[in-house]
Amino acid sequence: MADATARTFPVPTGLRWSAATAAFQVEGARRADGRGRSIWDDFVDTGRLVKDRSTAEPGPDSYHRSAEDIALLHGLGVDRYRFSISWVRVQPDGRGAAQPAGLAYYDRLVDGLLDAGIVPFPTLYHWDLPSPLEVGGGWLERDTALRFAEYAEIVGAALGDRVKNWYTINEPVSTSLQGYAIGELAPGRQLLFDSLPTVHHQLLAHGRAAAILRGYGATAVGIVNNHTWVQPATDSEADQIAAHVYDLIHNRLFADPVLTGAYPDVAALGIEMPVQDGDMELISTASEFYGVNFYNPTTIAAAPEGAPVPFVQVPTPGVAHTGFGELWGIQPHALTAFLTDAARRYGDRLPPIVIGENGASFPEPDEVSGPLDDSRRIDYLASHIGAVADAVAQGVRVDEYTVWSLLDNFEWADGFTQRFGLVHVDQRMSKRTPKASYEWYRALIAETKSAQARA
Ligand code: GBH
């Protein structure tokens, strides 16, 4: 059955395949080896901001079980593994000397991956800002970008001899909009448009870290943004304007500076970025790839008069949705539309695209006695890989596709209530049980590789 689903959709040839996780979501072991505190420790420890009040422990407990993760990746046959490095394991206070025990964990992980023939492709920052830096203003402050450069220096020096591919910052849009503007994610601030300096400081941190990592021998460094395809709820002028504004804020505010060296014109919205001399050159230094995380389309209507922001998100009509609710619609051609639009908009400035995350959660039990038949996840993945193939057929260069996630894990404010894994993980015993989608992805990778070998 899994195979039948896979054959319904085209599969692009020549792609590299990967699967992803992030440190805070899978590692557990929050007190091990001198690890410091991040804004996510603060968020979970309030005991009320996370849906099921879970604390990210033990979860997959990858800090102690990375050998199991590597074996699962090896079994899948992926070319690469996307994981993230925890800043507070490396620098417990977000500044100063490195913590050798924390770094040693990543050292072992990298060696284990290389031994298994898997290219390590870490993310330097996946949302876990050291708490002391947040106390000082977090990403609202330029100094945080400077601290980030220091952290990149330590990690580059430690791993740069073996790690050549890096993502700098994961989804600055989520940190800015959900973390600082509306407060759904850490650090839980509700600054609305006043959050926007966090955009510039994260992009600046990306630019500085990329230069540093290249200095340590990296051959591919890029940012990875969350992108969505924005459609107006109706063709009324008000909805079209609202959708345009949302597209500017969610997509172009993050992509334009990196790909064109300038922010889109947001002055009309009262937005001014704290740009200093040289920043835009650094931010737009050509990257070897552009990272795109894609989950769902976004349908936008004009907000009622007097609302704090001029747009509201409404369900995308006529589409099914994931376990995350009716706003997370499933519309694969929205991914094709985003990719082809980006290729048109940015032209030669757009480097090859790496899909850094794509995946879906559906309600699944915490305990299983064998492989879950997660056919809806298989459908989601197959149809989105097909959407990538459609974009490739229209001339977009996509080099890599990454499933979110290798493992069921701590889904931020939703705790362990949303499961994205190819591999089921129960919350308390950290037992890993591959789902049907794991076997499906394994077969897909094997098939495309043997097709390539024949070609
Ligand atoms: C990614 O972020 C994260 O990088 C990863 O850590 C996380 O586990 C994964 O995705 C799954 O959530 O307003 O209902 O339309 C996800 C970024 C931004 C995707 C908000 C969905 C819109 C939800 N998300 N977006 S909705």
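Counting begins at 1 with the first residue of the sequence. All ligand and atom numbering here is 1-based and tracks the order in the structure. Because only heavy atoms are used, hydrogens play no part in the values below, and waters and symmetry mates are left out as well, while side chains stay in. Values in this document were obtained by computation on a predicted structure and should not be read as measured data.
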Side-chain contact, heavy-atom cut-off 4.5 Å: Phe289 with Asp399?
no
Donor-acceptor contact present, side-chain Thr198 to main-chain Trp139, <3.5 Å
no
Hey, which atoms in ligand 1 end up nearer than 4.0 Å to a heavy atom of Phe420?
11 (C), 12 (O)
Between Val173 and ligand 1, which part of the residue brings a heavy atom under 4.0 Å of the ligand: side chain, backbone, both or neither?
neither
Measuring only between side-chain heavy atoms, which start at C-beta, is Asn225 closer than 4.5 Å to Pro172?
yes
Against heavy atoms of Gln313, which atoms of ligand 1 measure under 4.0 Å?
13 (O), 15 (O), 26 (S)
Between Thr55 (side chain only) and Val44 (backbone N and O only), is there a donor and an acceptor less than 3.5 Å apart?
no
Option with minimal heavy-atom separation from atom 10 (O) of ligand 1, where the choices are Tyr295, Phe24, Phe294:
Tyr295
When Arg432 is tested against each of Asp426, Asp69, Asp61, Asp408 for salt bridge (Lys or Arg N to Asp or Glu O under 4.0 Å), which residue passes?
Asp69
Heavy-atom check, side chain of Phe324 versus side chain of Gln418, under 4.5 Å
yes
Return the residue, atom name and 0.1 Å-rounded distance of the protein heavy atom closest to atom 2 (O) of ligand 1.
Glu171 OE1, 2.8 Å
Any side-chain to backbone donor/acceptor pair from Asp42 onto Pro187? Under 3.5 Å, distance only.
no
Can Asn170 be said to touch ligand 1, with heavy atoms closer than 4.0 Å?
yes
For atom 5 (C) of ligand 1, which protein heavy atom lies nearest, and how many Å away is it?
Glu357 OE1, 3.5 Å
Do Leu185 and Thr175 have side chains that approach each other closer than 4.5 Å (heavy atoms only, starting at C-beta)?
no
So, is Trp127 polar-close to ligand 1, with some N/O to N/O distance under 3.5 Å?
no
Worked check of side-chain contact (heavy atoms from CB on, under 4.5 Å) between Arg252 and Arg345:
CA-CA 10 Å; Arg252 293 193 42 207; Arg345 181 183 302 281; 3.4 Å; yes
Under 4.0 Å from any heavy atom of Trp328, which atoms of ligand 1 are there?
12 (O), 14 (O), 19 (C), 21 (C), 23 (C), 26 (S)
Going by distance only, is there an N or O of Ser174 that falls short of 3.5 Å from an N or O of ligand 1?
no
Heavy-atom contacts under 4.0 Å between Asn226 and ligand 1: side chain, backbone, both, or neither?
side chain
With a heavy-atom distance limit of 4.0 Å, tell me whether His126 approaches ligand 1 through its side chain, its backbone, both, or neither.
side chain
Any idea which of Asn296, Leu185, Val224 brings a heavy atom closest to atom 22 (C) of ligand 1?
Asn296
Mind checking whether Asp128 and Val88 have side chains closer than 4.5 Å, heavy atoms only?
no
If you measure every N or O of Gln178 against every N or O of ligand 1, does any of those distances drop under 3.5 Å?
no
In terms of residue, atom name and distance, what is the protein heavy atom nearest to atom 12 (O) of ligand 1?
Glu411 OE2, 2.7 Å
Should the proximity of Thr228 to ligand 1, defined as any heavy atom under 4.0 Å, be assigned to the side chain, the backbone, both, or neither?
neither
